[in-house]
Trainee: 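Would you mind keeping the following structure in view while I ask a few things?
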Amino acid sequence: MIRFLDLQAVYRQDQSAYDAAYRRVMDSGRWILGPELEAFEAEFAAFGGRRHAIGVGNGLDALALALQVAGIGPGDEVLVPAHTFIASWLAVRLVGAVPRPVEPAPGLYNIDAAGVEAALTSRTRAVMPVHLYGAPADPAAIRRLCEERGLLLLEDAAQAHGTRHRGEPTGGFGRLAAYSFYPGKNLGAFGDAGAVVTDDDALAAALRNRRNYGSAVRYQHDSEGVNSRLDELQAAFLRVRLARLPAHNELRCAQAARYAVRLAAAPDLALPAIPEGDEPVWHLFVVRHPRRDALREALAAQGIETLIHYPKPVYRFPPFAQHATAGRSASDELCDEVLSLPIGPHLGLDEIDRVADAVSAFCEGRPR
Ligand SMILES: *Cc1c(COP(=O)(O)O)cnc(C)c1O
């Protein structure tokens, strides 16, 4: 059996460090807004080269709170990828704004600056590129465009902990960037958690305020806040996992490189393109095949787990159907062909080779 994800294996690899973090918090008697969160926020801000990281309850809240403190609301339009996890769109709706889809760039999974420019309208106030699968979404060019047009740039970096573009970390291009620490992400907690990063002192203060009932001083309320805090236990676990993140990301890069070599000649299989200057962290390794469902079944029959990220563009789901483009779109085509192969710190290169052999055999029409 080759598992797609195995978080118990990730826990066991560093069990004594996680167990020590657990003990430290249980002995401290501090559960919410304490020293572990402060330390994690400082460490995560430093990791991405930003002044502030503000821990929140999850990635969706990170996106919505970031939009809210930046003043995006009803009547505003936010450009989002058609091909992404639904949270990117839901965050826009949570602040009462309108999501407007951008189709993926030709040959890529991500949107690019040309696609953003083509989708702009007079009501566009913000652009939310998603660094999907851990690959940068043309952030330097999109930043230039946003600066020229006076638009807010908010990066959805939920799949891109440690990604770089032309040597610069993603999550540092926008005025704000939002992260998820959902367990399966490259940097994951053992529960729900998220963060917003920014260099802007005023936005950081507003985020700290909003996440905690609009309160900086107990029982004094300055804004209409919410309850969205990253708790002490999760912060302590995240500190352990953050220390391992560079090694885990390197491992993912080695696994992706191995897939690329072993699958280079597989007929009808499209491998992920890596534009010049991009340094993905391979949250997912996504291939395309015209007979994707048959490939997936053949792999499952050999005990190899795969997933589909994502089965439909967001506007094909009922809550967003009114935003659908007429006819068959680029993201419709992508969604019918994408398949995510196993990758991550629970796997060795020998297992990557076994997956690659099974994929090659299917593509070449060889029985197994
Ligand atoms: C995981 C994810 C989110 C949401 O994160 P949660 O912590 O699950 O709320 C948002 N955007 C993208 C692209 C994601 O992959």
Side-chain angles (χ1 to χ4, degrees), residues 4-5 7 40 44 53-68 78-95 99 101-102 104 108-111 126-139 142 153-163 170-171 173-174 176-197 207 211 226-231 234-235 237-238 241-242 252 280-286 307-315 317 319-320 331 334-335 338 340 343-344:
F4 188 80
L5 187 67
L7 293 168
F40 172 69
F44 189 65
I54 300 92
V56 298
N58 54 65
L60 173 62
D61 284 357
L63 287 165
L65 289 168
L67 287 170
Q68 196 183 41
V78 181
L79 300 191
V80 288
H83 182 59
T84 180
F85 182 57
I86 195 167
S88 318
W89 287 54
L90 287 173
V92 176
R93 291 301 304 138
L94 277 173
V95 300
V102 179
L108 297 177
Y109 300 124
N110 272 320
I111 63 170
V127 182
M128 187 198 293
V130 180
H131 306 303
L132 203 64
Y133 310 154
D138 202 16
I142 292 178
L153 173 56
L154 163 62
E155 295 168 81
D156 180 342
Q159 301 188 3
H161 313 81
T163 301
T170 55
F173 286 84
L176 297 144
Y179 286 88
S180 163
F181 307 121
Y182 181 77
K185 311 285 177 170
N186 286 31
L187 176 59
F190 292 93
D192 275 315
V196 182
V197 299
L207 285 160
R211 73 170 173 191
V226 297
N227 174 3
S228 186
R229 300 170 299 217
L230 199 173
D231 69 72
Q234 296 306 332
F237 294 147
L238 281 165
R241 199 135 173 223
L242 179 59
R252 288 172 182 272
V281 292
W282 302 103
H283 172 56
L284 297 169
F285 190 87
V286 179
L307 286 175
I308 295 168
H309 298 90
Y310 296 92
K312 291 178 192 177
V314 177
Y315 51 60
F317 294 112
F320 293 113
S331 47
L334 212 55
C335 290
V338 287
S340 307
I343 194 165

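Whatever order the structure lists them in is the order used to number ligands and atoms, beginning at 1. Please read all numbers here as calculations on a predicted model, not as lab measurements. Every heavy atom of this structure was used, including side-chain atoms; hydrogens, water molecules and symmetry mates were not.
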Trainee: Could you go through the side chain to side chain donor-acceptor pair (under 3.5 Å) check for T170 and H131 one step at a time?
Mentor: CA-CA 8 Å; T170 55; H131 306 303; 4.5 Å; no
Trainee: Are more than 12 heavy atoms, taken from residues, nucleotides or ligands other than Y133, located less than 6.0 Å from that residue's OH atom?
Mentor: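 Check passes, neighbour count above 12.
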Trainee: Show me a pair-per-line table, with atom names and distances to 0.1 Å, of protein N or O atoms that are under 3.5 Å from an N or O of ligand 1.
Mentor:
| unit_1 | atom_1 | unit_2 | atom_2 | d |
| --- | --- | --- | --- | --- |
| ligand 1 | 5 (O) | S180 | OG | 3.1 |
| ligand 1 | 7 (O) | G59 | N | 2.8 |
| ligand 1 | 7 (O) | S180 | OG | 2.7 |
| ligand 1 | 9 (O) | G59 | N | 3.2 |
| ligand 1 | 9 (O) | L60 | N | 2.9 |
| ligand 1 | 11 (N) | D156 | OD1 | 3.4 |
| ligand 1 | 11 (N) | D156 | OD2 | 2.8 |
| ligand 1 | 15 (O) | Q159 | NE2 | 2.8 |
| ligand 1 | 15 (O) | K185 | NZ | 2.6 |

Trainee: Evaluate side-chain contact (heavy atoms from CB on, under 4.5 Å) for V338 paired with I308, printing each intermediate quantity in order.
Mentor: CA-CA 6 Å; V338 287; I308 295 168; 4.3 Å; yes
Trainee: Rounded at 0.5 Å granularity, tell me how far CG in L132 sits from CG in L108.
Mentor: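 Answer rounded to 0.5 Å: 11.0 Å.
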Trainee: Look up atom CH2 in W89 and atom CE in M128, then write down how far apart they are to the nearest 0.5 Å.
Mentor: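 Reported to 0.5 Å precision, the distance equals 11.0 Å.
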Trainee: Would F181 and F44 count as a ring pair (Phe, Tyr, Trp, His ring centres under 6.0 Å) if you check the C-alpha gap in whole Å, the side-chain angles of each, and the deciding distance to 0.1 Å?
Mentor: CA-CA 12 Å; F181 307 121; F44 189 65; 5.3 Å; yes
